[in-house]
Student: 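What follows is a single structure, and I will ask about it in a moment.
Lettering follows sequence order; numbering is per chain, from 1. Predicted, not measured: the structure shown is a model, and the values here were computed from it.
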Amino acid sequence: MAEMNIIQAVNDALRVEMERDERVIVMGEDVGRFGGVFRATQGLQERFGPDRVFDTPLAEAGIVGTAIGMALHGLRPVPEIQFADYIYPAFDQIVNELAKYRYRSGGQYTCPVVIRAPYGGGVRGGHYHSQSPEAYFVHTAGLKVVIPSNPYDAKGLLISAIRDDDPVMFFEPKRMYRAAKGEVPEGEYSIPLGQAARVREGDQCTVLAYGAMLHTARDAVDLAAAKGIGCDLIDLRTLLPFDIEAILTSVKKTGRVVIVHEAPRTCGFGAELSATISEKALLHLEAPILRITGFDTPFPYTWERAYLPDAERVLAGIEETVAF
Amino acid sequence: MAEMNIIQAVNDALRVEMERDERVIVMGEDVGRFGGVFRATQGLQERFGPDRVFDTPLAEAGIVGTAIGMALHGLRPVPEIQFADYIYPAFDQIVNELAKYRYRSGGQYTCPVVIRAPYGGGVRGGHYHSQSPEAYFVHTAGLKVVIPSNPYDAKGLLISAIRDDDPVMFFEPKRMYRAAKGEVPEGEYSIPLGQAARVREGDQCTVLAYGAMLHTARDAVDLAAAKGIGCDLIDLRTLLPFDIEAILTSVKKTGRVVIVHEAPRTCGFGAELSATISEKALLHLEAPILRITGFDTPFPYTWERAYLPDAERVLAGIEETVAF
Amino acid sequence: MKAAVAVEEKLVRVLGDGGRVDQGKDPGLADRDLLTLYRTMLLNRLVDERMFRLQRQGRIAFYIGSAGEEAAIIGAAFALEDRDWVVPCYREFGAAYLRGFPLRDFFCQVFGNADDLIRGRQMPVHIASPRLHLLSVSSPVGTQIPHAVGLAMAARIRKLKEVTLVFFGEGATSEGDFHVSMNFAGVFKAPCVFLCRNNQWAISVPGTKQTAAESIDIKARAYGFEGIRVDGNDVLAVYTTTRKAVEKARSGGGPTLIEAFTYRQGPHSTSDDPRSYRGEEEVEEWKKKDPIARFRQYLEARKLWDEDRDMTLARELNDQILSTLKEVENIGPPPPETAVEDVYAEIPWHLREQREEIIRRAARQRQSWPR
Amino acid sequence: MKAAVAVEEKLVRVLGDGGRVDQGKDPGLADRDLLTLYRTMLLNRLVDERMFRLQRQGRIAFYIGSAGEEAAIIGAAFALEDRDWVVPCYREFGAAYLRGFPLRDFFCQVFGNADDLIRGRQMPVHIASPRLHLLSVSSPVGTQIPHAVGLAMAARIRKLKEVTLVFFGEGATSEGDFHVSMNFAGVFKAPCVFLCRNNQWAISVPGTKQTAAESIDIKARAYGFEGIRVDGNDVLAVYTTTRKAVEKARSGGGPTLIEAFTYRQGPHSTSDDPRSYRGEEEVEEWKKKDPIARFRQYLEARKLWDEDRDMTLARELNDQILSTLKEVENIGPPPPETAVEDVYAEIPWHLREQREEIIRRAARQRQSWPR
Ligand SMILES: Cc1ncc(C[n+]2csc(CCOP(=O)(O)OP(=O)(O)O)c2C)c(N)n1
Ligand SMILES: Cc1ncc(C[n+]2csc(CCOP(=O)(O)OP(=O)(O)O)c2C)c(N)n1
Ligand SMILES: [Mg+2]
Ligand SMILES: [Mg+2]
């Protein structure tokens, strides 16, 4: 086992899968010789050649659209969108084509494309290098949505995503790209999509988080523990389909829920979690489900620290919920 | 007062505003000489000339993108997207540009564009003539989202939307375009954005709906009334910002909520309503909030009647909620 | 409208007046092939006519036809081999049929019934067949073009000598998807042939309002490859031109854009009434240039065809259409719970719940679900 | 990379070697104008250098400069009148400054402080000024191009003789937004000038991988209007070419695409290190063609300038930069609750709640919010 950060783990996953399966190809802006602006594809073109790892022209619709064609031919493209903020030119291809291809062809075609994109704030990136667009894709039937929080999961989930026969949106927490480090096994292993992980255990409150916010939530949960409040902290890992069992088991135990994400609140993924939990476990709830989220604004530059949930804010939420 | 259907009411609103304010212009695919595939812009080019009412090339990104430029110049463009299903090529322009222009320029610029689009199923239109994409836009800070259910509201809300200084997504229930008829005053009047309307009164359950589903919900509420179950039926009309006061007032009275929309359930607008209500009124709830919605699939062709909520299904939801 | 006459002078053309052909240009197809082409074009026309009638009778919900464009569609598809790929727009039933798409499957799709290969998921004409290397038809304009380029790139990456042929209308050239795909194709030298059916109308919008370019073919130069303009009502010209482009692509020469200049004789679809936006004279003028009649003249001049045979064939085809229709019209819909299948390879929990809900409701409520 | 030499032969050019100018081509600008151009280019370069230094010192988070492209940016903007519009990409500070954007406002924006006209909302360099008819800079590539066409269409509709000039890189020509806007501009004869700074790189991707077209200017033909290729390091050539295009647009002649062939001397931005994807020799080669040095030679040949004056001016400008910086660097951020303002003209209930939450937290927590 080697210690890796998330970038290295992603790079390793791509390498492992490209070794194993020659149908896997990597494409996107600056991913070839340069190895990606975050270096997630570094060394891959050297290793696998320019037919399997290549730069594309600057057009996200073209990247996703041609990846769909490649997948229909039997390849397993893993396109990179340089920042999740730049995924919208490809939105039509993702929502109207990629997501619907299996269904609309009566299951005759499959579209195993994994779209990787760094997402989220905290890097002083302003409007266009900080967005968390996951809710758009969770609302889009036909896609799976995965967001790892640490290197081990990043590798294991990316391998699963590449092997999955359906399209997967794979958002990587850029703020934690280098900051989150951990032991990562060499070679192949996979973490099934759809399974959450319990990161902390406690019976007073359930905290649901994913991606970069998992770290914030963990800090808050640890602060709460120091104050004598025990929380279950669940790292959702897959947002669609999300792990309803893990969530309900915990909620039925704690009766209290705090959801953390950095995307805007209104119609964010937290809304779905909250609605589903109260549909399925209302009588277990002892306090309103709290959402600690980004604000309903474009992502600000100067005040990103006010916008982004931090441990203090999550802790305040936990305390409020527990005291309710 | 004349009896009009929704198409006529929309047409009338456009005519009234174009008479009143020469900055208002209408553009889109087939909206000129032809008057739109649903005839919503019929007669406008004749009346106001091809400088103010014109066909564009077939490119939604171009329609919205140039409308933004026109709005920045001081015009009030009202572009039509032929079907809401075809709005995604313009998604980047809407989400990254239109929605953020005021904020990112520190309030120096405003972008008063009203994007009109027919939405929803029930016309045997399959995947691409039936979608209800409102949740994507409700999740996008900077936009307002309006969906009328009847001719009177359609005209009054469209007039408000055109006069609003912010961008408005105006989705029209195509299934009810000709089916919903009602008295519509001549000339100017407006219905403020952000205000819901109570359509039926009762104290056992709150039913929240909008657009075409308002009619389905009303049928269900009337059936429930016949069975002795009295419901508040609220036509939301504006989804963002939604009328929190009207909703909470009703929920605090009834303690039970059924939300109806035809868009897919997961991360749909119903999730936000449910989450907000349980955040703000949990202790008033006597039953889980139920969502009666489309399924988490692309919009099907043959079985659209199974997919779309109908009165029986909504009624079953009301009965279940009330019996809880 | 553009001055069609001046513009037509530049077109690649094989079939002249009265069935005459410049010998040097005749592709020299075997008689069998010529008759296959003719038979397919005629079938396409007859199917369209039947479907329009069915729609008016309320037996199907919607239809979109190819009348006037059969030469462009079928002539181009005929230039392919089986291993090649067809990426259709929504008017390419003729191309699919030519490649072996059974009439029965087509009608089941139009009805969206239990035997429909796509399980009733899409509006009529939205066929798909991996077996025939035919992608899935999608209503959004232009979205199929990048798929075609991706297929072609995949073939290149995998060192397979397959060529992709993609169809779209001139309206589609205005979309971003056209541009990004053409640009990718140029950069990656994708073995892809772009077939633009310039039928001069995008619903109510004429070609002159679609682009200020003098023609569509010249747009290829912006992407570093060749564009050719061909008489789209001349099946042999379309065939020869496409054939050359396909061979060039197969031998590593990269993509070609073909503009087949033609005319949409009918309404945009059964939902449309073109009388409010274009004159009858224009339509009549173009009906005189009908691609099927023109090809028949050629076959007659070559003594391969005559009026008798034509009437016999038309009768045969109509009989086949009617008997196939009869065979499938009463097949019921697929079970309602199939509406939530095939979203993913495996059904996740939330769709399992929704599937169960449909099954419960179906038991209770099915009678009241009109189709 | 493309064979730059062969390609350069086709370029429109005014400034020759050693400051020589073909008299017939000299635009005949007044001395004052020539010096304004020079002063602005130099200021742009000095501001860039200072900002890069600030970024390395951790005093600002990010910067993106114009080194090597000043002639393309400032020469083009100089062809406009005040009533005209500039739609910038992210390297057009020089154009904004030329139109009157104060250095102080620029630095406040870079710091995102309380005096920033855009209230700390965007990364450095994302300026906006309705007063100067300068649209808001956006990071997404190419999205500004349709806005420019819309502005120009609005001017036409309102019968105002305003012209819009829009800047973008050669990478942006690959996006759908470029295509749809160019096509709209052609169809509507929008009074719009498209200025493509072909600096040969889009981050690490060279122009040859961006498009297979022989050059960018020819892309205009696909939209039915003229494209011109100009030496982007020749401020007089850029000025003259743009001036002609602006006049044509103003008099109803429609749009023009200008390709200014130039070179990005520095990294893409402060986040980039180009050494891993391009050779130093290439950079050195292009630094020899530096647009500022080249223009200075011309001014010197015309006896309008000499080394002394140059050093004096540089010192003055640097002093001005430093004193302005000093003046604004310690202005604090705007109040945190402004982060939820300006989403709408009026604050709706849910943002009012969020605003109150920030105010509450700010009172409690502000110390722990690093900027
Ligand atoms: C993205 C998108 N926008 C709008 C439409 C509505 N629409 C359907 S067909 C059509 C015209 C297409 O014209 P063209 O590309 O020339 O093809 P043709 O129908 O003439 O074969 C339009 C506007 C659509 N299907 N997709
Ligand atoms: C839609 C979008 N995709 C990707 C990016 C990331 N990105 C920023 S600048 C850039 C290269 C732009 O190249 P070019 O258009 O030539 O302009 P230049 O930077 O050379 O001036 C890229 C890929 C972006 N900002 N927007
Ligand atoms: Mg057409
Ligand atoms: Mg560049």
Student: When rounded to the nearest 0.5 angstrom, what is the spacing between SG in B:C205 and CD1 in B:I229?
Tutor: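 The distance works out to 8.5 Å.
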Student: Are B:F299 and B:Y307 close enough that their ring centers fall under 6.0 Å?
Tutor: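 Ring-ring flag for B:F299/B:Y307: true, centres closer than 6.0 Å.
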Student: If you count heavy-atom pairs under 4.5 Å between each of B:P300, B:A59, B:G35 and chain C, which one has the most?
Tutor: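 Most heavy-atom pairs within the cutoff with chain C belong to B:A59.
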Student: Tell me, for B:A306 versus chain C, whether the close heavy atoms (under 4.5 Å) come from the side chain, the backbone, both or neither.
Tutor: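 Both parts, backbone and side chain.
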Student: So for B:E304, is it side chain, backbone, both, or neither that comes closer than 4.5 Å to the heavy atoms of chain C?
Tutor: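 Neither part.
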Student: With a 3.5 Å distance limit and no angle check, can you tell me whether C:Q55 reaches the backbone of C:Y63 through a side-chain donor-acceptor pair?
Tutor: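 Side chain of C:Q55 to backbone of C:Y63: no pair is present.
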Student: For B:R305 versus B:D310, what's the shortest heavy-atom pair and its separation?
Tutor: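 Shortest heavy-atom contact: O-OD2, 4.4 Å.
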Student: Which bit of B:V37 is near chain C, if near means a heavy-atom gap under 4.5 Å: side chain, backbone, both or neither?
Tutor: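 Side chain of B:V37 only, per the 4.5 Å heavy-atom cut-off to chain C.
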Student: Please determine, among C:A172, C:G142, C:P348, C:P124, the option with the most heavy-atom pairs under 4.5 Å with chain B.
Tutor: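 Greatest number of close heavy-atom pairs with chain B: C:P124.
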Student: Can you tell me how far SG of C:C108 sits from CG of C:L117, rounded to the nearest 0.5 angstrom?
Tutor: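 The distance works out to 8.0 Å.
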Student: Please flag which part of C:L351 lies under 4.5 Å from any non-hydrogen atom of chain B: side chain, backbone, both or neither.
Tutor: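 For C:L351, the contact with chain B is made by the side chain alone.
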Student: Can the ring centres of B:F38 and B:F83 be said to be less than 6.0 Å apart?
Tutor: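 Between B:F38 and B:F83, the centre distance is under 6.0 Å.
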Student: Let me know if B:D296 has heavy atoms under 4.5 Å from chain C in its side chain, its backbone, both or neither.
Tutor: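 Both parts, backbone and side chain.
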Student: Which bit of C:D342 is near chain B, if near means a heavy-atom gap under 4.5 Å: side chain, backbone, both or neither?
Tutor: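 No part of C:D342 comes within 4.5 Å of chain B.
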Student: Is B:Y86 in contact with chain C via its backbone, its side chain, both, or neither, using a 4.5 Å heavy-atom distance?
Tutor: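 For B:Y86, the side chain is the part near chain C, not the backbone.
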Student: If you round to the nearest 0.5 Å, how far is OG1 of B:T41 from CZ of B:R116?
Tutor: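 One finds 7.0 Å between CZ of B:R116 and OG1 of B:T41.
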Student: Find the one option among B:G126, B:P57, B:G32, B:G62 whose heavy-atom pairs under 4.5 Å with chain C are most numerous.
Tutor: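 Heavy-atom pairs under 4.5 Å are most numerous for B:P57.
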Student: Check whether C:V141 gets within reach of chain B through its side chain, its backbone, both or neither, counting any heavy atom under 4.5 Å.
Tutor: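 Interface part for C:V141: side chain.
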Student: At a heavy-atom separation under 4.5 Å, does C:E357 approach chain B through its side chain, its backbone, both, or neither?
Tutor: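 Answer is side chain: those atoms of C:E357 sit under 4.5 Å from chain B.
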Student: Counting only non-hydrogen atoms closer than 4.5 Å, does B:F54 touch chain C with its backbone (N, CA, C, O), its side chain (CB onward), both, or neither?
Tutor: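 When you check distances to chain C, no heavy atom of B:F54 falls under 4.5 Å.
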Student: Between B:G125, B:P298, B:A316, who has the most heavy-atom pairs with chain C when the cutoff is under 4.5 Å?
Tutor: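 Sorted descending by pairs with chain C, the first entry is B:G125.
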Student: Taking the six-membered ring of C:F168 as reference, does the cationic atom of C:R197 (NZ for Lys, CZ for Arg) lie under 6.0 Å from its centre and within 45° of its axis?
Tutor: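 Not flagged: C:R197 not positioned over aromatic ring of C:F168.
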Student: How are the rings of B:H129 and C:F62 set to each other: parallel, tilted or perpendicular (split at 30° and 60°)?
Tutor: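 Ring orientation, 0 to 90° scale: tilted.
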Student: Need one label for B:Q82: side chain, backbone, both or neither, based on atoms under 4.5 Å from any heavy atom in chain C.
Tutor: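 For B:Q82, the side chain is the part near chain C, not the backbone.
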Student: Over 60° means perpendicular and under 30° means parallel, so classify the ring planes of C:F93 and C:F106, tilted if in between.
Tutor: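 The rings of C:F106 and C:F93 lie parallel, inter-plane angle below 30°.
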Student: Does any backbone or side-chain atom of C:S138 lie under 4.5 Å from a heavy atom of chain B? Answer side chain, backbone, both or neither.
Tutor: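 Both parts, backbone and side chain.
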